[in-house]
Chemist: 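Quick one: the structure is below, and I'll ask about it shortly.
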Amino acid sequence: MKTIYYLLAICFGVSIGVLISNWSYFTLEKEISIGDIFSLIITTFVGIYIAKTIQGQLDSERSEKDILIDELKEVKEDIVIVERNNDSGIFSFDDAKRQFKVTNQKILLIEELLKESRNCKNIKCNKLQDTFSDIRRLILDISPVNGFIYIGSKKNDVEQKVIEFKSQLYKLIVSVNKS
Amino acid sequence: MKHFIKISKDFSNTPNARYRKDGKFSGEEFYEDLLELAFQTALDNGLKLTVDLDGTEGYATSFLDEAFRRLGEKFGPDVVIDNLIIISNEEPDWVDEIEGYIKGE
(Lines give C-alpha, C1' and ligand atoms only; values in the text may rest on other atoms or scores of the structure.)
Protein backbone atom coordinates (compact mmCIF):
# COMPACT_ATOMS: atom_id res chain seq x y z
CA MET A 1 0.00 0.00 0.00
CA LYS A 2 2.85 2.37 0.92
CA THR A 3 4.56 1.64 -2.40
CA ILE A 4 1.40 2.64 -4.28
CA TYR A 5 1.27 5.95 -2.38
CA TYR A 6 4.93 6.64 -3.17
CA LEU A 7 4.37 5.88 -6.86
CA LEU A 8 1.30 8.13 -6.92
CA ALA A 9 3.30 10.93 -5.27
CA ILE A 10 6.08 10.56 -7.85
CA CYS A 11 3.58 10.59 -10.75
CA PHE A 12 1.95 13.69 -9.28
CA GLY A 13 5.31 15.41 -8.98
CA VAL A 14 6.28 14.54 -12.56
CA SER A 15 2.90 15.78 -13.86
CA ILE A 16 3.35 19.10 -12.06
CA GLY A 17 6.86 19.35 -13.53
CA VAL A 18 5.61 18.71 -17.08
CA LEU A 19 2.78 21.24 -16.62
CA ILE A 20 5.16 23.91 -15.33
CA SER A 21 7.65 23.27 -18.11
CA ASN A 22 4.90 23.92 -20.68
CA TRP A 23 3.71 27.10 -18.89
CA SER A 24 5.13 30.21 -20.54
CA TYR A 25 5.87 31.98 -17.24
CA PHE A 26 8.45 29.32 -16.47
CA THR A 27 11.32 28.20 -18.65
CA LEU A 28 13.45 25.21 -17.96
CA GLU A 29 16.99 24.84 -19.20
CA LYS A 30 17.36 21.66 -21.18
CA GLU A 31 21.06 21.51 -20.32
CA ILE A 32 22.62 20.70 -16.97
CA SER A 33 26.24 21.37 -16.01
CA ILE A 34 28.64 18.96 -14.25
CA GLY A 35 28.68 21.31 -11.25
CA ASP A 36 24.90 21.16 -10.97
CA ILE A 37 24.91 17.34 -11.14
CA PHE A 38 27.60 17.21 -8.47
CA SER A 39 25.67 19.66 -6.29
CA LEU A 40 22.47 17.65 -6.78
CA ILE A 41 24.14 14.39 -5.78
CA ILE A 42 25.80 15.92 -2.71
CA THR A 43 22.57 17.60 -1.61
CA THR A 44 20.66 14.33 -2.06
CA PHE A 45 23.16 12.36 0.03
CA VAL A 46 23.26 15.05 2.75
CA GLY A 47 19.46 15.00 2.84
CA ILE A 48 19.36 11.21 3.15
CA TYR A 49 22.06 11.25 5.87
CA ILE A 50 20.28 13.90 7.93
CA ALA A 51 16.95 12.09 7.57
CA LYS A 52 18.52 8.77 8.64
CA THR A 53 20.29 10.33 11.64
CA ILE A 54 17.18 12.10 12.87
CA GLN A 55 15.08 9.04 12.14
CA GLY A 56 17.59 6.90 14.01
CA GLN A 57 17.40 9.19 17.02
CA LEU A 58 13.61 9.20 16.97
CA ASP A 59 13.57 5.40 16.75
CA SER A 60 15.97 5.13 19.68
CA GLU A 61 13.86 7.46 21.82
CA ARG A 62 10.72 5.51 20.93
CA SER A 63 12.42 2.21 21.85
CA GLU A 64 13.42 3.59 25.24
CA LYS A 65 9.87 4.69 25.95
CA ASP A 66 8.44 1.36 24.75
CA ILE A 67 10.76 -0.58 27.08
CA LEU A 68 9.75 1.60 30.04
CA ILE A 69 6.06 1.31 29.21
CA ASP A 70 6.32 -2.48 28.87
CA GLU A 71 7.93 -2.69 32.32
CA LEU A 72 5.21 -0.47 33.79
CA LYS A 73 2.52 -2.66 32.19
CA GLU A 74 4.08 -5.74 33.82
CA VAL A 75 3.80 -4.04 37.20
CA LYS A 76 0.17 -3.27 36.40
CA GLU A 77 -0.48 -6.98 35.77
CA ASP A 78 1.05 -7.80 39.14
CA ILE A 79 -1.15 -5.33 40.98
CA VAL A 80 -4.23 -6.73 39.23
CA ILE A 81 -3.40 -10.07 40.88
CA VAL A 82 -3.21 -8.33 44.27
CA GLU A 83 -6.57 -6.69 43.55
CA ARG A 84 -8.13 -10.03 42.64
CA ASN A 85 -6.84 -11.72 45.80
CA ASN A 86 -8.02 -8.79 47.88
CA ASP A 87 -11.49 -9.11 46.36
CA SER A 88 -11.55 -12.78 47.31
CA GLY A 89 -10.27 -11.90 50.79
CA ILE A 90 -7.49 -14.51 50.82
CA PHE A 91 -3.80 -14.45 49.94
CA SER A 92 -1.42 -17.38 49.94
CA PHE A 93 1.26 -16.18 52.37
CA ASP A 94 4.24 -17.66 50.52
CA ASP A 95 2.96 -16.60 47.11
CA ALA A 96 2.30 -13.07 48.37
CA LYS A 97 5.82 -12.70 49.82
CA ARG A 98 7.38 -14.00 46.63
CA GLN A 99 5.20 -11.87 44.35
CA PHE A 100 5.79 -8.69 46.34
CA LYS A 101 9.54 -9.25 46.15
CA VAL A 102 9.40 -9.71 42.36
CA THR A 103 7.16 -6.67 41.86
CA ASN A 104 9.38 -4.55 44.11
CA GLN A 105 12.36 -5.49 41.99
CA LYS A 106 10.45 -4.51 38.84
CA ILE A 107 9.70 -1.08 40.33
CA LEU A 108 13.36 -0.65 41.27
CA LEU A 109 14.35 -1.57 37.72
CA ILE A 110 11.94 1.05 36.36
CA GLU A 111 13.54 3.61 38.67
CA GLU A 112 16.98 2.73 37.26
CA LEU A 113 15.75 2.81 33.66
CA LEU A 114 14.21 6.27 34.20
CA LYS A 115 17.52 7.59 35.56
CA GLU A 116 19.43 6.14 32.60
CA SER A 117 17.03 7.29 29.88
CA ARG A 118 17.64 10.40 27.81
CA ASN A 119 14.17 11.93 27.97
CA CYS A 120 12.74 10.52 31.18
CA LYS A 121 15.44 11.45 33.69
CA ASN A 122 13.16 13.91 35.47
CA ILE A 123 10.29 11.46 35.87
CA LYS A 124 10.24 10.05 39.40
CA CYS A 125 8.46 7.01 40.75
CA ASN A 126 8.90 7.67 44.48
CA LYS A 127 5.17 7.91 45.10
CA LEU A 128 4.63 4.60 43.32
CA GLN A 129 7.31 2.98 45.50
CA ASP A 130 5.78 4.40 48.69
CA THR A 131 2.27 3.25 47.80
CA PHE A 132 3.57 -0.20 46.93
CA SER A 133 5.31 -0.41 50.32
CA ASP A 134 2.02 0.56 52.00
CA ILE A 135 0.12 -2.21 50.16
CA ARG A 136 2.79 -4.74 51.07
CA ARG A 137 2.74 -3.71 54.71
CA LEU A 138 -1.06 -3.86 54.91
CA ILE A 139 -1.15 -7.41 53.59
CA LEU A 140 2.03 -8.97 54.97
CA ASP A 141 1.61 -7.57 58.48
CA ILE A 142 -1.36 -9.88 58.96
CA SER A 143 -0.48 -13.14 60.69
CA PRO A 144 -1.12 -16.07 58.37
CA VAL A 145 -3.37 -18.97 59.35
CA ASN A 146 -2.34 -22.33 57.90
CA GLY A 147 -0.35 -20.58 55.20
CA PHE A 148 -3.08 -18.12 54.21
CA ILE A 149 -3.65 -14.45 54.93
CA TYR A 150 -7.27 -13.53 55.55
CA ILE A 151 -7.52 -9.87 54.70
CA GLY A 152 -10.60 -9.20 56.84
CA SER A 153 -11.05 -5.61 57.98
CA LYS A 154 -8.06 -4.38 55.97
CA LYS A 155 -9.81 -5.13 52.68
CA ASN A 156 -11.03 -1.57 52.12
CA ASP A 157 -7.64 -0.08 53.01
CA VAL A 158 -5.93 -2.37 50.51
CA GLU A 159 -8.53 -1.54 47.88
CA GLN A 160 -7.96 2.21 48.33
CA LYS A 161 -4.22 1.83 48.13
CA VAL A 162 -4.48 -0.31 45.00
CA ILE A 163 -6.63 2.36 43.33
CA GLU A 164 -4.03 4.97 44.31
CA PHE A 165 -1.26 2.76 42.95
CA LYS A 166 -2.98 2.23 39.63
CA SER A 167 -3.63 5.95 39.28
CA GLN A 168 0.06 6.71 39.89
CA LEU A 169 1.04 3.99 37.44
CA TYR A 170 -1.17 5.38 34.68
CA LYS A 171 0.21 8.90 35.28
CA LEU A 172 3.72 7.49 34.95
CA ILE A 173 2.85 5.75 31.69
CA VAL A 174 1.39 8.99 30.31
CA SER A 175 4.46 11.00 31.44
CA VAL A 176 6.84 8.54 29.80
CA ASN A 177 4.84 8.56 26.57
CA LYS A 178 4.69 12.37 26.47
CA SER A 179 8.39 12.93 27.21
CA MET B 1 30.35 -16.78 67.16
CA LYS B 2 30.29 -15.09 63.80
CA HIS B 3 29.49 -11.45 63.19
CA PHE B 4 27.77 -12.13 59.92
CA ILE B 5 24.32 -13.61 59.46
CA LYS B 6 23.06 -14.60 56.04
CA ILE B 7 19.41 -15.23 56.73
CA SER B 8 18.86 -17.53 53.73
CA LYS B 9 21.69 -19.86 54.87
CA ASP B 10 21.85 -19.41 58.66
CA PHE B 11 18.15 -19.27 59.36
CA SER B 12 15.73 -19.97 56.52
CA ASN B 13 15.22 -19.48 52.81
CA THR B 14 11.53 -18.87 53.53
CA PRO B 15 11.29 -16.63 56.59
CA ASN B 16 7.82 -16.68 58.03
CA ALA B 17 5.63 -14.11 59.79
CA ARG B 18 5.89 -12.43 63.17
CA TYR B 19 5.32 -14.92 65.97
CA ARG B 20 6.34 -18.50 66.70
CA LYS B 21 2.66 -19.41 66.73
CA ASP B 22 2.50 -18.38 63.06
CA GLY B 23 4.85 -21.24 62.19
CA LYS B 24 8.55 -22.11 61.97
CA PHE B 25 11.12 -19.45 61.06
CA SER B 26 9.20 -16.51 62.47
CA GLY B 27 10.63 -13.08 63.28
CA GLU B 28 10.30 -13.90 66.96
CA GLU B 29 12.32 -17.10 66.50
CA PHE B 30 14.95 -15.26 64.45
CA TYR B 31 15.38 -12.59 67.10
CA GLU B 32 15.39 -14.87 70.13
CA ASP B 33 17.44 -17.74 68.71
CA LEU B 34 19.93 -15.90 66.54
CA LEU B 35 19.89 -12.12 66.18
CA GLU B 36 19.98 -11.00 69.81
CA LEU B 37 22.93 -13.19 70.76
CA ALA B 38 24.83 -12.45 67.56
CA PHE B 39 24.44 -8.70 68.12
CA GLN B 40 25.46 -8.93 71.77
CA THR B 41 28.55 -10.95 70.84
CA ALA B 42 29.52 -8.47 68.15
CA LEU B 43 29.15 -5.60 70.62
CA ASP B 44 31.23 -7.42 73.24
CA ASN B 45 33.99 -7.88 70.68
CA GLY B 46 33.84 -4.30 69.52
CA LEU B 47 32.62 -5.36 66.08
CA LYS B 48 29.63 -4.61 63.88
CA LEU B 49 27.10 -7.28 63.04
CA THR B 50 26.28 -7.72 59.35
CA VAL B 51 22.91 -9.17 58.38
CA ASP B 52 22.45 -10.21 54.76
CA LEU B 53 18.82 -10.30 53.64
CA ASP B 54 19.46 -11.52 50.09
CA GLY B 55 18.67 -14.96 48.74
CA THR B 56 15.35 -15.67 50.43
CA GLU B 57 11.98 -15.99 48.78
CA GLY B 58 10.86 -12.68 50.19
CA TYR B 59 10.04 -11.20 53.58
CA ALA B 60 6.90 -10.35 55.39
CA THR B 61 7.15 -6.87 56.90
CA SER B 62 5.99 -8.43 60.17
CA PHE B 63 9.08 -10.69 60.27
CA LEU B 64 11.51 -7.81 59.88
CA ASP B 65 9.53 -5.54 62.17
CA GLU B 66 9.46 -8.12 64.98
CA ALA B 67 13.16 -8.95 64.74
CA PHE B 68 14.64 -5.48 64.34
CA ARG B 69 12.18 -3.51 66.46
CA ARG B 70 12.98 -5.78 69.40
CA LEU B 71 16.68 -5.33 68.71
CA GLY B 72 16.20 -1.56 68.88
CA GLU B 73 14.15 -1.84 72.06
CA LYS B 74 16.73 -4.08 73.78
CA PHE B 75 19.95 -2.26 72.89
CA GLY B 76 18.71 1.22 72.04
CA PRO B 77 18.18 2.52 68.48
CA ASP B 78 21.43 4.52 68.34
CA VAL B 79 23.58 1.57 69.44
CA VAL B 80 21.92 -0.73 66.94
CA ILE B 81 22.19 1.72 64.05
CA ASP B 82 25.86 2.34 64.80
CA ASN B 83 26.74 -1.35 65.07
CA LEU B 84 24.52 -3.06 62.51
CA ILE B 85 25.10 -3.37 58.77
CA ILE B 86 22.21 -4.54 56.60
CA ILE B 87 22.96 -5.98 53.18
CA SER B 88 19.98 -6.01 50.82
CA ASN B 89 21.04 -5.78 47.19
CA GLU B 90 17.90 -7.50 45.90
CA GLU B 91 15.58 -5.01 47.61
CA PRO B 92 17.65 -2.01 48.77
CA ASP B 93 14.59 -0.26 50.20
CA TRP B 94 14.54 -2.76 53.09
CA VAL B 95 17.55 -0.95 54.60
CA ASP B 96 15.62 2.28 55.30
CA GLU B 97 12.54 0.30 56.32
CA ILE B 98 14.55 -1.65 58.91
CA GLU B 99 16.09 1.55 60.23
CA GLY B 100 12.54 2.75 60.81
CA TYR B 101 11.71 -0.43 62.73
CA ILE B 102 14.83 -0.04 64.87
CA LYS B 103 13.84 3.52 65.72
CA GLY B 104 10.34 2.35 66.58
CA GLU B 105 8.65 4.27 63.75
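A, B, ... follow the sequence lines: proteins, then strands. Residue 1 opens every chain.
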Chemist: Is the CD atom of B:Glu105 crowded by more than 12 outside heavy atoms at less than 6.0 Å?
Modeler: yes
Chemist: Looking at B:Tyr101 and A:Arg137, what are the two nearest heavy atoms and their distance?
Modeler: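 It is OH-NE, 4.5 Å.
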Chemist: Checking B:Glu66 against chain A: side chain, backbone, both or neither under 4.5 Å from a heavy atom?
Modeler: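 B:Glu66 has no heavy atom closer than 4.5 Å to chain A.
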Chemist: Spell out the residues in residues 141-163 of chain A that have some non-hydrogen atom less than 4.5 Å away from a non-hydrogen atom of chain B, in order of number; otherwise answer 'none'.
Modeler: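 Within residues 141-163 of chain A, the residues that come under 4.5 Å of chain B (heavy atoms only) are A:Asp141, A:Ser143, A:Pro144.
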Chemist: In this structure, are over 12 heavy atoms from other groups packed under 6.0 Å from A:Ile34 atom CD1?
Modeler: no
Chemist: Would you mind checking if A:Lys101 and B:Glu90 are paired as a salt bridge, meaning a charged N to carboxylate O distance below 4.0 Å?
Modeler: yes
Chemist: Please determine whether residues A:Val75 and A:Val80 belong to a single hydrophobic cluster, defined as Ile, Leu, Val, Met, Phe, Trp and Tyr linked transitively by side-chain heavy-atom distances below 4.5 Å.
Modeler: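 As far as the 4.5 Å side-chain criterion goes, A:Val80 and A:Val75 are not connected within one cluster.
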Chemist: For atom NZ of A:Lys171, is the number of surrounding heavy atoms from other residues, nucleotides or ligands below 6.0 Å larger than 12?
Modeler: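 No - once you tally the heavy atoms of other residues, nucleotides and ligands closer than 6.0 Å, there are 12 at most.
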Chemist: Looking at B:Leu64, B:Asp65, B:Thr61, which one forms a side chain to side chain contact (heavy atoms under 4.5 Å, CB included) with A:Leu140?
Modeler: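 It is B:Thr61; the other options fail the test.
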Chemist: Of all the heavy-atom pairs spanning A:Phe100 and B:Glu91, show the shortest one and how long it is.
Modeler: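 That closest heavy-atom pairing would be O-OE1, 4.4 Å.
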Chemist: Going from CD1 on A:Ile107 to CG on B:Asp93, what distance comes out if it is rounded to the nearest 0.5 angstrom?
Modeler: 9.0 Å
Chemist: For B:Pro15, does its backbone N or O pair with a side-chain atom of A:Lys97 as donor and acceptor, under 3.5 Å?
Modeler: yes
Chemist: Consider only side-chain heavy atoms of I, L, V, M, F, W and Y, link residues closer than 4.5 Å, and tell whether B:Leu43 and B:Ile98 are in one cluster.
Modeler: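 Same cluster: B:Leu43 reaches B:Ile98 through Ile, Leu, Val, Met, Phe, Trp or Tyr contacts under 4.5 Å.
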Chemist: Counting only non-hydrogen atoms closer than 4.5 Å, does B:Asn16 touch chain A with its backbone (N, CA, C, O), its side chain (CB onward), both, or neither?
Modeler: both
Chemist: Among A:Leu108, A:Ile139, A:Val102, A:Asp94, which residue forms the greatest number of heavy-atom pairs with chain B at distances under 4.5 Å?
Modeler: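 Highest number of pairs under 4.5 Å: A:Leu108.
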Chemist: Please say yes or no: joined through hydrophobic side-chain contacts below 4.5 Å, possibly via intermediate residues, are B:Phe30 and B:Phe39 part of one cluster?
Modeler: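 In one cluster: yes.
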Chemist: Would B:Val95 end up clustered with B:Ile7 when hydrophobic side chains under 4.5 Å apart are linked, directly or stepwise?
Modeler: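 Linked, B:Val95 and B:Ile7 end up in one cluster.
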Chemist: Tell me, side chain or backbone of A:Gln99 under 4.5 Å from chain B's heavy atoms, or both, or neither?
Modeler: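 No part of A:Gln99 comes within 4.5 Å of chain B.
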Chemist: Does atom CG (A:Asn122) have a neighbourhood of more than 12 heavy atoms from anything else shown, all under 6.0 Å?
Modeler: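 It does not: A:Asn122 CG has 12 such atoms or fewer within range.
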Chemist: Would a hydrophobic clustering, with Ile, Leu, Val, Met, Phe, Trp and Tyr connected at side-chain separations under 4.5 Å, put A:Leu109 with A:Ile173?
Modeler: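 Linked within one cluster.
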